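This is a predicted model, so every value here is computed, not measured. For the numbers below, each heavy atom of this structure counts, side chains included, while hydrogens, waters and symmetry mates do not. All chains are named by letter (A, B, ...) in the order of the sequence lines, taking the proteins before the strands, and each is independently numbered beginning at 1.
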2 protein chains.
Amino acid sequence: MYFDDKIPIYYQIKNHIYHEIITGALQPGEKLPSVRQLAVDVTANVNTVQRALSEMIAAGIIESKRGRGNFVTMETTKITDLKTQLVTTQLAHVYQQLHALNLSDEEILASVQHYIERKGQAK
Amino acid sequence: MYFDDKIPIYYQIKNHIYHEIITGALQPGEKLPSVRQLAVDVTANVNTVQRALSEMIAAGIIESKRGRGNFVTMETTKITDLKTQLVTTQLAHVYQQLHALNLSDEEILASVQHYIERKGQAK
DNA sequence: CCTAGTGTTATATTTTACTATTACACTATA
DNA sequence: TATAGTGTAATAGTAAAATATAACACTAGG
């Protein structure tokens with residue numbers, strides 16, 4: 001797994017798993033790979049994976065059953081809430097950043113539209 | 001200055017100064033505060049500030065004159081290029097993140113529009 | 001020429017994330 | 001009941017960022 005060296009690995013693992021849950025790659029109630037397997041999958045240490053999982057458990061998205069495994073919550077409202085929260089966080093961040101670069105609301109919207117239209121193309 | 005503990009301080013300082021240059025708070029050719037003063041301003045160490053400055057110098061945005069100070073480049077094209085680059089980086093990041101949450105191009109655009117319309121308001 | 005202010009660099013120390021390794025607690029099942 | 005697989009936690013070590021502090025190199029101005 002690719003890691004951005006500017007951001008803690010445990011944080012990136014957490015985000016990665018959240019994405020899998022939100023996109024349905026991991027279904028509600030589904031068992032996650034074991035912590036040891038996850039560590040191999042993402043090429044990180046068990047403790048680092050555990051740290052990521054601990055935060056997701058504290059957030060109620062993952063349920064931990066000792067001796068059995070970790071499971072995605074069955075409460076789908078928690079998952080939809082998580083998605084809303086992640087999307088909003090991303091929007092707030094990019095808005096704040098672009099606004100700090102003196103782009104007006106209109107320019108921000110236009111720049112996003114422009115980016116989507118031109119993405120993947122040579123300039 | 002507020003620091004996000006998930007991102008290296010030197011990196012945040014660099015970004016902060018870039019924003020000041022792009023918004024014109026620091027004009028082309030203008031002298032920056034001394035590294036020692038900057039360290040006080042942003043509540044960080046001189047070496048940390050210097051690391052941020054070194055990268056900006058390497059990028060050609062800041063010119064260093066030993067014994068005199070650090071100065072914003074007079075080449076305004078470098079500044080506009082920097083702005084373009086920062087904006088594009090932000091757009092690419094948020095697009096990738098939202099796309100990874102299974103939002104379509106249309107949904108991404110709509111969510112940005114929606115965010116701008118509703119920002120600062122209760123839900 | 002001297003001094004104050006500037007950028008630059010170096011050393012030692014602290015802090016934190018991460019790793020490697022081991023051990024412990026629990027569950028299911030053969 | 002023994003064993004393999006699971007989560008959990010502790011210990012010790014490594015690496016990188018950040019700090020405190022000091023020194024060095026240069027410039028401008030008195």
Atom [atom1] of [X] and atom [atom2] of [N]: how far apart are they, to the nearest Å?
| X | N | atom1 | atom2 | result |
| --- | --- | --- | --- | --- |
| A/Lys6 | D/dA15 | NZ | P | 19 Å |
| B/Arg66 | D/dC26 | CZ | C1' | 6 Å |
| B/Lys65 | D/dT27 | NZ | P | 12 Å |
| A/Tyr10 | D/dT8 | OH | C1' | 19 Å |
| A/Ile9 | D/dT14 | CD1 | P | 18 Å |

Exercise. For A/Gln85 and A/Asp81, does a side-chain donor sit closer than 3.5 Å to a side-chain acceptor?
Worked result: no

Problem set entry | Check: D/dG5 base within 3.5 Å donor-acceptor of A/Arg36 side chain | no

Exercise. For A/His99, does the NE2 atom sit with more than 12 other heavy atoms under 6.0 Å from it, leaving out its own atoms?
Worked result: no

Exercise. Is it true that atom CZ of B/Phe71 has more than 12 heavy atoms of other residues, nucleotides or ligands lying nearer than 6.0 Å?
Worked result: yes

Exercise. B/Ser111 and side-chain contact (heavy atoms from CB on, under 4.5 Å): which partner among B/Leu101, B/Leu103, B/Ile116?
Worked result: B/Leu103

If we only count heavy atoms from C-beta on, is the [X] to [Y] side-chain gap below 4.5 Å?
| X | Y | answer |
| --- | --- | --- |
| A/Tyr10 | A/Glu55 | yes |
| B/Ile79 | B/Val72 | yes |
| B/Leu32 | B/Ile62 | yes |

Exercise. Quick one, which residues of residues 68-75 of chain B touch DNA chain C with a heavy atom under 4.0 Å?
Worked result: B/Arg68, B/Gly69, B/Asn70

For this session: Tell me which residues in residues 45-52 of chain B put a heavy atom below 4.0 Å from DNA chain C, sorted by number, or none.
Result: B/Asn47, B/Gln50

For this session: State whether the side chain of A/Ser54 and the backbone N or O of A/Gln50 hold a donor-acceptor pair below 3.5 Å, judged by distance alone.
Result: yes

Exercise. Between A/Ile57 and A/Asp5, which has a closest nucleotide on DNA chain D that is more 5'?
Worked result: A/Ile57

Problem set entry | A/Leu38 CG to A/Met1 CE distance, which is reported to the nearest 0.5 Å | 10.5 Å

For this session: Measure the spacing between NE2 of A/His19 and CD of B/Gln97 and express it to the nearest 0.5 Å.
Result: 4.5 Å

Seminar exercise, completed: Under a 4.0 Å heavy-atom criterion, DNA chain C is touched by chain A from C/dA17 to C/dA28

For this session: Applying side-chain contact (heavy atoms from CB on, under 4.5 Å), run through B/Lys6 and A/Lys6 and close with a yes or a no.
Result: CA-CA 8 Å; B/Lys6 298 279 189 311; A/Lys6 297 280 189 309; over 6 Å; no

